[in-house]
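Nothing fancy with the numbering, it's 1 onward along the sequence. All values derive from a computational prediction rather than experimental measurement. Whatever order the structure lists ligands and atoms in, that order sets their numbers, starting from 1.
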Amino acid sequence: MSNNATKLIHSIPVDELTGAVSVPIYQTSTFVQEAPGVNKGYDYARTGNPTRGTLENIIAQLENGSTGIAFGSGLAAIDAVLKLLQSGDEILAVDDIYGGAFRLFTHIYQKFGIKVNYVDTTNAENVFTAVTPKTKLIWIETPTNPTLKISDIEAIARIAKASGCWLCVDNTFASPALQQPLSLGADIIVHSATKYLGGHSDLIAGLVVTKEKELGDKIKFIQNASGAILSPFDSWLVIRGIETLPLRIKQHCINAQAIADFLETHPAVDKVYYPGLKNHLNHDIAARQSKGFGGIVSFTLKEDTEEAAIKFVTATKLFKLAESLGGVKSLLCHPAQMTHKSIPAEKRRAAGVADSLIRLSVGLEEAEDLVSDIEQAFKKIKSYKPSKQKTEA
Ligand SMILES: *Cc1c(COP(=O)(O)O)cnc(C)c1O
């Protein structure tokens with residue numbers, strides 16, 4: 001079942017009660033019962049809310065799964081998946097995992113007796129070698145952040161199946177418009193809906209989708225027991241974002257490819273990371289398992305210093321300096337000083353996050369305007385004087 005705009009737009013239901021074309025926001029905490037336990041399908045809004053339920057059905061359809069569950073943030077979604085495990089279980093995770101997931105796995109779950117092993121999953125054989133009888137969960141992102149590493153979902157799903165453990169894919173960077181891991185054999189996907197699904201940099205939200213209903217019911221139980229639900233209004237905002245997802249993603253991909261092509265031949269640039277470039281590691285796998293290469297482009301400078309990178313990220317005008325990604329407006333960040341600041345420099349560099357690495361979240365402006373913005377920022381690196389740091393324009 002492939003996603004197209006028609007199917008997606010019509011998976012968003014018209015309200016049966018009133019005919020409202022936009023999904024109603026049920027801003028209520030509780031629901032009247034005719035008699036104890038006799039109700040219209042809802043009793044208390046932590047357990048279930050019709051607006052949230054509509055979003056959950058939409059994302060389950062988009063990801064080709066059975067059950068969708070909406071959370072108050074991407075990390076709350078990840079947290080709920082981890083609560084499937086128990087003390088003594090092990091997780092095998094991609095080595096350049098999202099920093100917030102690393103913090104949760106390492107600083108919260110390890111103290112409850114859950115061990116995490118990090119491996120380079122760009123080669124599926126590394127996963128095969130690292131799985132132990134205690135491995136209960138394999139956790140990958142593809143593409144990863146910020147160097148856009150690609151892993152073979154189908155090959156890793158086969159290893160998970162043969163080893164009797166779950167494969168969870170963080171599908172935030174690709175979105176279901178480009179990649180459906182459950183159709184490739186994964187058991188669970190998570191999203192930070194804060195990014196492409198919401199799409200407008202105006203909310204924090206997370207989603208889980210499971211292939212099997214039984215596993216979905218377990219995570220729903222965990223959510224109801226732990227309480228990290230998404231509010232009705234934010235559920236509505238995510239639905240509103242999803243309406244334009246295919247259109248936005250198409251343009252994000254076109255713009256990002258244009259910028260990656262421009263950067264590849266630029267004299268100020270050393271390496272460019274974009275899965276749509278033919279020389280990107282596992283480009284062929286990305287081309288096979290996804291319908292496009294996404295809106296994130298990272299690159300390093302020939303002058304590989306933090307000073308040069310900081311000069312660049314404060315000189316762009318259209319690209320705004322901010323954490324996060326996936327919105328309409330272009331953003332950029334300097335991982336060494338922002339998202340990856342808590343990682344020791346040697347470890348960070350070893351993971352491919354060089355001192356001058358810059359991550360672009362390419363937005364929906366005209367590609368040629370974005371290219372001009374980058375070009376004018378490059379011109380400022382040469383005349384950079386560390387003592388007179390310019391602030392954000
Ligand atoms: C942002 C992000 C998260 C965390 O999501 P929040 O909504 O910020 O909690 C998880 N995974 C990836 C890949 C992300 O980019």
Side-chain angles (χ1 to χ4, degrees), residues 52 55 59 63 68-83 91 93-109 116 118 121 137 139-151 153 168-179 181 186 188-209 223 226-231 234-235 237-238 241-242 249 252 256 273 275 290 293-298 322-327 331-333 335 338-343 351 353 359-363:
R52 191 172 95 229
L55 168 62
I59 192 65
E63 288 286 5
I69 310 145
F71 292 84
S73 70
L75 273 171
I78 294 170
D79 180 68
V81 174
L82 260 71
K83 286 183 175 136
I91 303 170
V94 56
D95 56 0
D96 57 345
I97 190 167
Y98 173 72
F102 177 84
R103 182 175 54 201
L104 179 69
F105 290 11
T106 308
H107 296 295
I108 308 290
Y109 280 95
V116 194
Y118 295 96
T121 60
L137 178 64
W139 191 282
I140 62 169
E141 293 167 27
T142 178
T144 61
N145 175 33
T147 55
L148 292 313
K149 286 188 188 163
I150 301 294
S151 296
I153 298 171
C168 181
V169 180
D170 183 332
N171 206 28
T172 300
F173 270 41
S175 96
L178 297 180
Q179 178 173 283
I188 309 167
I189 64 100
V190 299
H191 275 289
S192 170
T194 310
K195 316 292 167 55
Y196 287 105
L197 291 169
H200 294 75
S201 309
D202 54 8
L203 64 100
I204 301 284
L207 297 165
V208 173
V209 183
Q223 182 185 54
S226 301
I229 54 159
L230 189 63
S231 77
D234 285 352
S235 297
L237 273 176
V238 177
I242 287 175
I249 292 289
H252 282 300
Y273 300 94
S290 57
F293 305 106
I296 308 296
V297 180
S298 295
E323 310 226 351
S324 200
L325 56 103
L331 301 177
L332 86 175
C333 84
M338 295 167 77
T339 51
H340 289 60
K341 198 177 165 68
S342 61
I343 302 172
V353 183
R359 186 191 74 190
L360 306 175
S361 169
V362 181

Do E323 and C333 have side chains that get closer than 4.5 Å, going by heavy atoms?
no
Look at atom 7 (O) of ligand 1 and say which protein heavy atom is nearest, naming residue and atom and giving the distance to 0.1 Å.
T194 OG1, 2.7 Å
Within a strict 4.5 Å, meaning less than it, do heavy atoms of the P176 and H191 side chains meet?
yes
Could you find the nearest protein heavy atom to atom 14 (C) of ligand 1 and give me its residue, atom name and distance?
K195 NZ, 3.0 Å
Is there any N or O on I78 that sits under 3.5 Å from an N or O of ligand 1?
no
So the atoms of ligand 1 within less than 4.0 Å of a heavy atom of F173 turn out to be 15 (O)
Minimum-distance pair of heavy atoms, taken over all atoms of I78 and W139:
CG2-CH2, 3.6 Å
Starting from atom 5 (O) of ligand 1, find the nearest protein heavy-atom neighbour and note its residue, name and distance.
S192 OG, 3.0 Å
What protein heavy atom sits nearest atom 13 (C) of ligand 1, and how far off is it?
D170 OD2, 3.4 Å
Parallel, tilted or perpendicular: ring planes of F102 versus H107, cut at 30 and 60 degrees
perpendicular
I'd like to check which ligand 1 atoms, numbered from 1 as shown, lie under 4.0 Å from a non-hydrogen atom of A205.
7 (O)
Heavy atom of the protein closest to atom 4 (C) of ligand 1 (residue, atom name, distance)
Y98 CE2, 3.4 Å
Residues in side chain to side chain contact (heavy atoms under 4.5 Å, CB included) contact with K341, at least two apart in sequence or another chain
Q337
Within the 4.5 Å heavy-atom criterion, are T144 and D95 side-chain neighbours or not?
no
